[in-house]
Structures are given as C-alpha cells and as structure tokens.
2 protein chains.
Amino acid sequence: MATRDTGTEQLIKDTAKRIFFSEGKLHATTQDIADAAGVNRTLLNYYFRSRDILFEQVVLEARAEMSAIMDSIFTAELEFKDKIQQMINIFMEQAMQFPYREMYVVMEFNRTEKIVPEEKKNKIRQFLKEINAEMEKGKIKKMDPRQFLMNLFALMAYPLITNCLNKSLYNINDAEYLKLMKERKQLIFEMIYQ
Amino acid sequence: MATRDTGTEQLIKDTAKRIFFSEGKLHATTQDIADAAGVNRTLLNYYFRSRDILFEQVVLEARAEMSAIMDSIFTAELEFKDKIQQMINIFMEQAMQFPYREMYVVMEFNRTEKIVPEEKKNKIRQFLKEINAEMEKGKIKKMDPRQFLMNLFALMAYPLITNCLNKSLYNINDAEYLKLMKERKQLIFEMIYQ
DNA sequence: TTTGTGTTTAACAAAAATGTTAAACATAAT
DNA sequence: ATTATGTTTAACATTTTTGTTAAACACAAA
C-alpha cells in the first residue's frame, strides 16, 4: 500500500502558513497549529518529524512560491511598463492574502543567513539592467536601480504589514482598508512610473 | 538606603532593545538577553518580576520614543515641506539604529490589540489635514492623505527591515548599504514631494 | 569594624513546549 | 472476513524556558 493520503499533511502545512503568513502569529507553537488545524499535535511529528523541519519546510515553500512569481514576471515577454503593472497586481493580491509572508521569510533569512543562489542573482541583475534602460529612455526617474526596486517593494508590502495599526490610527474598517489597498495598485504605479 | 543603582536595570532594558530592535532576534529568550548583557538571568526577574513584564515595558518605551518623535514633528512650527524633510531625516536615522523596532511594535499591536488614545488620533487627523492643504495648493500629488502617509513610512522603514536580504540579493556590503540608505533620504523626499 | 540593606548568584522548582511510544483505528488488498 | 499497513490517538518522557528561594556578596552608614 502506497499512501492513503488523508490530506492531513497538506492541512497542517496550509494551517501553519495561514497562522504565520496571514494572521502574523510569529510565536505560534505546534499545539497552536494543531488546534487550528483540528488535528492531534502528534501528527505534526508523524508527518514532519520535528517542529523545526515543519517550519523550515513552510518557509522553503513560501520562498519558492514568491520566487516563482518574481521570476515569471522578471523573465516575461512584456514591455517594461507592463511588467511593472503586472508585478504590482500580482504582488498586491498575494500580499493581501499573506501580508506577513515576506516578513517571515526575511526574518528567517536574518536568522539562518541562507545563501542566495547565483542563478537568482543573475535574474535580478538582468532586471536591474532593464530598469536602467528605462531610465535612460527617460521613462522613469533616474536613480540607482536598486533604490527603484526597494521603493517598489516597500510601497507594496509595508501597508499590508501595518494593516492592523493603520486601521486603528486612521479609524477605518476592513471594507475601507480593502478599498484603499486596491486603489494603491494604481497609485503605486503612478508614483513609480511617472 | 534608597537604591544603589548599579545600572543593571537599564543595562538589561538596553540589551533587550538592542537584541529585539537592532538585531531583529524576535525569538530571544530571557537567557539570551541575560547572556548578551553579561548578567545572571535571575536579575531579569529581580528587576522586572517576569519575562512578560520586561518585554511589555520594552515595547511600551519603544512606542513612547516613537510617539515623541512623531509628535514633535507633527506639531512643530515649521512649513509643511520642512516638516517632511525633518521627518525623513530623523526617522531614517532612528530606523538605521533600530531597523526592527517599528516592526516589533506593530507585531505586538497585532497580538494585543491595544487601543490608540484619542489624543494621538487627533494629532494624526490634524496632520492629514495639513497634507490635504498641501495637495490643494498643488505642492504634492493629490491622493488620499492616508495613502500619502503610508507611502512615506513604507519608503522609510521597509528597506531597513529587509537590510540583510537586500545585501545578499544586490551583492552589497555594509558601507555601500549605509551609503544607499543615506541617499534614500533625498530620494524619498523627491518621490513624495515632487 | 560591625551592621543593615540593596544586589548578585547558584541551586532548585515549576511550567511550557516538544518528542516518543505503543496501542487503537481505518481502510484497501487478499 | 481477515490481514496488512498507513493513520490517529493518548499517555508518557524529555527538553527548554521561566520563576523562586536562600545564601553570598558589596558597600554605605553607624
């Protein structure tokens, strides 16, 4: 008999991702995750052997998902302008679903000092060149292309991380926040691509 | 005899702040902090009774420090343009020293759902009006003033949080990163205040 | 010097979180 | 229906982290 696949393994991973990346509960324990998934805590050990392995796998998959999205846009056969527009659309939709995913990955990166594969760096270098070309053409404001990328990601990611605080500070509800975030797509494009 | 003040209490708090806000070690234990401070772990209990109380106090002080800076700028007797410039200068200097402080406070806010005092909200409302006025004058691009503030803070805070990752992705060292961050001050101003 | 009090330490205790095991359970194949 | 094997559970064990206590220490005042 191969495997019965009750879906439990996937359920556990999905629940962990929800708790970490959507709800932002950085200090969740294995018990927290088991409870949220509605399964016995022992099952985390059965499927993943240890807490560390589960968490590592979750981060690994998160990185892979994010990389896949970035790569598909970086290397797409599109005008630069359209790439940016698509990037904003896809990234913001993802960020609305998993506001803390990037932060979690960044923190894990700080903690473990993982190495970035040369292949990925090359793709980025290539995109930095594209940015530079667009600046030469006078389409976007001239600056260090790395600053350009930092600006773009900052504008996209940050407001979602600070979701809760912003809602309190500005007295806005979920519906209005959603509206603001959708408006941001266009707004970011205009700021970046003047 | 009142108190001998060996400076230990302050040392512990400062060390905790360094570990959390500068080094970004979100999961630091009391032992980690004691070791980093070079004191016996029991002293954390002697001075603060419990881990939770220490951590809460550290966050409380962080919020107070950040609030004080914001308030002083919000209510300063300055032209709007100069306020923004000063905001960028001070915030960026702070963020370079404590890149993860804001994030930590935001995460704690998510966790505890603290209430924002009405007085603080009023100061923000006041500043939002100032932003609006500046937009009416045609000095800055028209948009929801809340978006304006989100943009500003995003551009300032985010690249410092992602410090480590950026250095890897773009192959830059500490010195160059510092230079990039200093350049950002002017760059952010130009993006915001076109 | 002695005494009193605040500070520091080490040993111990308790609590929280994680890991292991064996038995119960469920289901596909025989 | 029985068997074999993957899945789930509960009880237990271990490890990690936090909290408590009493004694040692240090230093100013008497």
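Here is how names work: the chains are called A, B, and so on, in the same order as the sequence lines, proteins then strands, and each is numbered from 1.
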Closest of dT8(D), dG19(C), dT8(C) to the T8(A) side chain is dT8(D)

Exercise: do K121(A) and N171(B) side chains pair donor with acceptor under 3.5 Å: yes

Would you kindly give the CG-to-P distance between N45(B) and dA11(C), to the nearest whole Å? 17 Å

Quick check on K141(A): does its NZ atom have over 12 non-hydrogen neighbours (other residues, nucleotides or ligands) under 6.0 Å away? yes

Quick one: does any side-chain atom of N110(B) pair with a main-chain N or O of M107(B) as donor and acceptor, under 3.5 Å? no

Within this structure, what is the CZ-to-P distance between R51(A) and dT16(D), rounded to whole angstrom? 12 Å

Could you tell me how far apart Y46(A) (OH) and dT7(D) (P) are, to the nearest whole angstrom? 4 Å

Can you label the angle between the F80(B) ring and the F148(B) ring as parallel, tilted or perpendicular, going by 30° and 60°? tilted

Below 4.0 angstrom from OP1 or OP2 of dT20(C), is there any side-chain N or O of T42(A)? no

Taken to the nearest whole Å, CG/D5(B) to C1'/dA28(D) is 15 Å

L44(B) CG to dT8(C) C1': how many Å, rounded? 13 Å

Touch check for F48(A), heavy atoms < 4.0 angstrom, all strands: base, sugar-phosphate only, or nothing? nothing

CD of E9(B) versus C1' of dG6(C): gap in Å, rounded? 13 Å

Distance test, side-chain N/O of T6(A) to OP1/OP2 of dT8(D), below 4.0 Å: yes

Quick one, which residues of residues 18-41 of chain A touch DNA chain C with a heavy atom under 4.0 Å? T29(A), T30(A), R41(A)

Keeping the roles fixed (side chain from R101(B), backbone from V59(B)), state whether a donor-acceptor pair exists under 3.5 Å. no

Counting side-chain heavy atoms from CB outward, which of dT18(C), dT20(D), dT9(D) is closest to L43(A)? dT9(D)

Distance test, side-chain N/O of Y47(A) to OP1/OP2 of dT8(D), below 4.0 Å: yes

Please answer whether the main-chain N or O of L180(B) pairs with a side-chain N or O of Q147(A) as donor and acceptor at a distance below 3.5 Å. yes

Could you give the CZ-to-C1' distance, from R49(A) to dT21(C), as a whole number of Å? 16 Å

Centre-to-centre under 6.0 Å for F21(A) and Y104(A), is that the case here? yes

